Amino acid sequence: MKSLIDTYTLNNGVKVPIVGFGTWQTPDGAIAKVAVKSALSSGYRHIDTAEMYGNEKSIGAAIKESGVSRNSLFITSKLSNSDHSYEKAATAIEKSLRDLQVSTLDLFLIHWPNPKMFRDSDWKKHLQDTWRALEDAYKAGKIKAIGVSNFKEHHFDILKETQTVKPMVNQIRICPGDYNEELIDYCRNENILLEAYSPLGTGKIFTDKIMAEIAEKNNRTVAQVCLRWSLQHDFLPLPKSIHEDRIEENSHLFDFELSDSDMATIDNLKNIVGHVADPDTAEF
Ligand SMILES: NC(=O)c1ccc[n+]([C@@H]2O[C@H](COP(=O)([O-])OP(=O)(O)OC[C@H]3O[C@@H](n4cnc5c(N)ncnc54)[C@H](OP(=O)(O)O)[C@@H]3O)[C@@H](O)[C@H]2O)c1
């Protein structure tokens with residue numbers, strides 16, 4: 001683990017850079033363009049977006065303008081919660097390809113398993129049909145890898161009833177103080193890569209005193225310690241920032257190592273960043 005372009009290998013053999021650049025709450029237009037160009041200048045080669053972030057067009061434009069070659073990049077997008085059906089998912093994939101100005105996506109995810117708008121109808125059937133649309137786009141070569149986000153074990157069971165391709169990724173919230181060990185073990189046993197979203201607790205980690213002490217002791221920042229913790233656990237963190245200096249700071253993760261004792265202290269932090277929404281009861 002030496003740089004941002006080291007890779008993990010997904011269960012279908014596709015390689016994915018071990019750190020991704022997060023773009024949630026990165027407004028479309030100049031802010032998204034500057035953030036993505038800064039990330040590319042700092043050496044990130046993996047960009048994480050979603051239809052629901054509303055910034056795919058700016059990200060596509062930033063990538064084009066950066067001059068970084070498409071085949072050195074790993075681009076992920078995710079399906080909107082309103083598009084849980086075969087036809088809508090198939091159309092949404094085409095729209096993401098168009099908006100991002102690419103002919104293939106490296107990874108496409110079902111963003112949430114059980115959106116509120118389908119909960120009272122046959123949401124399981126919607127989910128299975130949606131997955132079939134991702135499988136067909138994968139088989140047609142439009143997407144190099146397919147996966148899910150915010151899935152718990154019982155959501156995977158629903159896919160297993162009909163799937164012909166196994167998910168390659170589960171993108172879930174993993175941050176000191178908020179991670180689900182049982183779900184992590186399940187994904188690892190299934191050979192599903194864990195992408196760690198909100199690795200900085202969407203900014204809430206910065207007020208924790210213990211994290212600040214560990215950062216000071218290691219002569220690093222809290223963000224760097226957090227991201228290093230994630231990497232030393234073999235997660236794939238997706239830090240987000242719209243500030244050039246922070247984007248650069250968050251890329252310097254390979255010139256130090258956390259001791260076993262620091263890792264254990266961080267593992268044991270509780271309730272410091274709030275808790276992720278339950279996908280079966282969330283209000284969206
Ligand atoms: N699949 C899902 O359902 C899902 C859900 C949430 C997130 N995600 C993905 O995961 C990515 C990251 O999660 P996130 O957006 O929740 O947030 P995050 O990366 O955990 O934290 C971002 C926050 O921390 C601040 N920050 C970043 N680097 C910093 C630094 N070095 N020093 C001080 N503050 C810093 C940012 O502020 P500034 O931007 O102002 O610098 C922002 O407020 C998302 O962008 C998205 O790509 C996926």
Side-chain angles (χ1 to χ4, degrees), residues 20 22-28 32 47-60 75-100 105-138 142-143 145-163 165 167-175 178 180 183 187 192-199 202 238 240 274-284:
T23 63
W24 180 40
Q25 302 188 115
T26 301
D28 201 32
I47 311 286
D48 183 83
T49 183
E51 201 281 331
M52 292 195 288
Y53 302 167
N55 54 19
E56 288 175 301
K57 280 188 179 164
S58 303
I59 290 175
I75 306 173
T76 301
S77 193
K78 315 184 194 83
L79 185 74
S80 169
N81 282 1
S82 58
D83 287 337
H84 277 221
S85 79
Y86 183 90
E87 288 74 20
K88 285 184 183 169
T91 305
I93 290 166
E94 297 297 335
K95 182 173 183 300
S96 285
L97 288 168
R98 247 187 345 266
D99 287 353
L100 285 161
L105 278 167
D106 296 283
L107 176 65
F108 194 77
L109 308 176
I110 297 182
H111 207 147
W112 288 85
N114 184 4
K116 188 175 183 195
M117 65 184 288
F118 297 107
R119 224 168 270 157
D120 293 334
S121 57
D122 194 353
W123 68 269
K124 294 180 185 176
K125 169 91 169 52
H126 279 290
L127 188 57
Q128 290 171 339
D129 288 349
T130 301
W131 184 249
R132 194 159 46 83
L134 268 67
E135 289 178 330
D136 284 354
Y138 173 67
K142 293 177 185 174
I143 307 172
I146 51 177
V148 297
S149 179
N150 296 294
F151 268 45
K152 298 198 289 190
E153 187 171 340
H154 73 102
H155 302 119
F156 286 104
D157 290 339
I158 294 164
L159 292 193
K160 278 180 183 170
E161 289 171 13
T162 54
Q163 76 189 22
V165 179
M168 288 128 206
V169 165
N170 191 14
Q171 184 180 119
I172 55 175
R173 193 174 199 244
I174 302 178
C175 173
D178 188 31
N180 178 338
L183 180 57
C187 291
I192 294 170
L193 182 80
L194 289 153
E195 292 192 346
Y197 80 62
S198 303
T202 318
L238 300 167
K240 170 263 177 186
H275 294 287
V276 69
D278 182 334
D280 293 313
T281 55
E283 285 300 309
F284 45 86

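Residue indices begin at 1 and follow the sequence shown. Model, not experiment: these values are computed from the prediction.
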* **Sidechain-backbone polar pair: Lys78 side chain, Glu51 backbone, donor-acceptor under 3.5 Å** => no
* Would you check if Leu127 and Trp123 make a side-chain contact, meaning some heavy-atom pair closer than 4.5 Å? => yes
* Asked: Nearest heavy-atom pair of Ile143 and Ala145: which atoms, and what distance?
  -> CG2-O, 2.9 Å
* Asked: Looking at Ala137 and Ile93, what are the two nearest heavy atoms and their distance?
  -> CB-CD1, 3.8 Å
* Got a donor-acceptor contact below 3.5 angstrom from the Asn55 side chain to the Thr23 backbone? -> yes
* Asked: Is there a donor-acceptor pair closer than 3.5 Å between any side-chain N or O of Glu56 and the backbone N or O of Ser96?
  -> no
* Can you find a heavy atom in the side chain of Tyr53 that is under 4.5 Å from one in the side chain of Thr26? -> no
* Sub-3.5 Å donor-acceptor pair from the side chain of Thr130 to the main-chain atoms of Ser85, do we have one? -> yes
* Asked: What's the spacing between Ile75 CD1 and Ile59 CD1 if we round to 0.5 Å?
  -> 9.0 Å
* Test side-chain contact (heavy atoms from CB on, under 4.5 Å) applied to Ser77 and Asp106, Leu100, Leu107, Ile47, the passing residue -> Leu100
* Does atom NZ of Lys57 have more than 12 heavy-atom neighbours from other groups under 6.0 Å away? -> no
* To do: For the residue pair Ser82 and Lys88, establish whether any side-chain heavy-atom pair is separated by less than 4.5 Å.
  => no
* Asked: Is it true that Asp48 and Lys240 make a salt bridge, defined as a side-chain N closer than 4.0 Å to a carboxylate O?
  -> no
* Structure fact -> Heavy-atom closest pair (Ala133 atom, Ala90 atom, distance to 0.1 Å) is CB-N, 4.0 Å
* Asked: Are Val276 and Ile172 close enough, and set up right, to give a side chain to side chain contact (heavy atoms under 4.5 Å, CB included), and what steps lead you there?
  -> CA-CA 9 Å; Val276 69; Ile172 55 175; over 6 Å; no
* **Set of side chain to side chain contact (heavy atoms under 4.5 Å, CB included) partners for Glu94, sequence neighbours left out** => Leu97, Arg98, Lys142
* Asked: Pro279 versus Pro113: any side-chain heavy-atom pair under 4.5 Å?
  -> yes
* **Sole candidate of Phe118, Tyr86, Trp131 that passes ring-ring contact (aromatic ring centres under 6.0 Å, His included) when paired with His126** => Phe118
* Quick one: CE on Met117 to CG on Asp83, what's the gap to the nearest 0.5 Å? -> 8.5 Å
* **Partners meeting side chain to side chain contact (heavy atoms under 4.5 Å, CB included) with Lys160 (sequence neighbours left out)** => Asp157, Gln163, Tyr186, Glu190
* Does the pair Lys124 and Asp122 meet the rule for a side chain to side chain contact (heavy atoms under 4.5 Å, CB included), with working shown? -> CA-CA 6 Å; Lys124 294 180 185 176; Asp122 194 353; 4.2 Å; yes
* Can you find a heavy atom in the side chain of Leu159 that is under 4.5 Å from one in the side chain of Val148? -> yes
* Asked: Is His84 reaching over with its side chain to a backbone N or O of Trp112, donor-acceptor style, under 3.5 angstrom?
  -> yes
* Hey, does Met52 have a side-chain heavy atom less than 4.5 Å from the side chain of Asn81? -> yes
* Asked: Can you check side chain to side chain contact (heavy atoms under 4.5 Å, CB included) on Ile146 and Met168, steps first, answer last?
  -> CA-CA 6 Å; Ile146 51 177; Met168 288 128 206; 4.3 Å; yes
* Asked: Between Phe284 and His111, is the gap from one ring center to the other below 6.0 Å?
  -> no
* **Partner set under salt bridge (Lys or Arg N to Asp or Glu O under 4.0 Å) for Asp178, not counting sequence neighbours** => Arg173
* Among Asp278, Asn180, Asn114, Asn170, which one satisfies side-chain hydrogen bond (donor to acceptor under 3.5 Å, both in side chains) with Lys152? -> Asp278
* For side chain to side chain contact (heavy atoms under 4.5 Å, CB included), just list the numbers for Phe156 and Cys187, CA-CA rounded to whole Å, side-chain angles, deciding distance to a tenth of an Å, and then say yes or no. => CA-CA 10 Å; Phe156 286 104; Cys187 291; 4.3 Å; yes
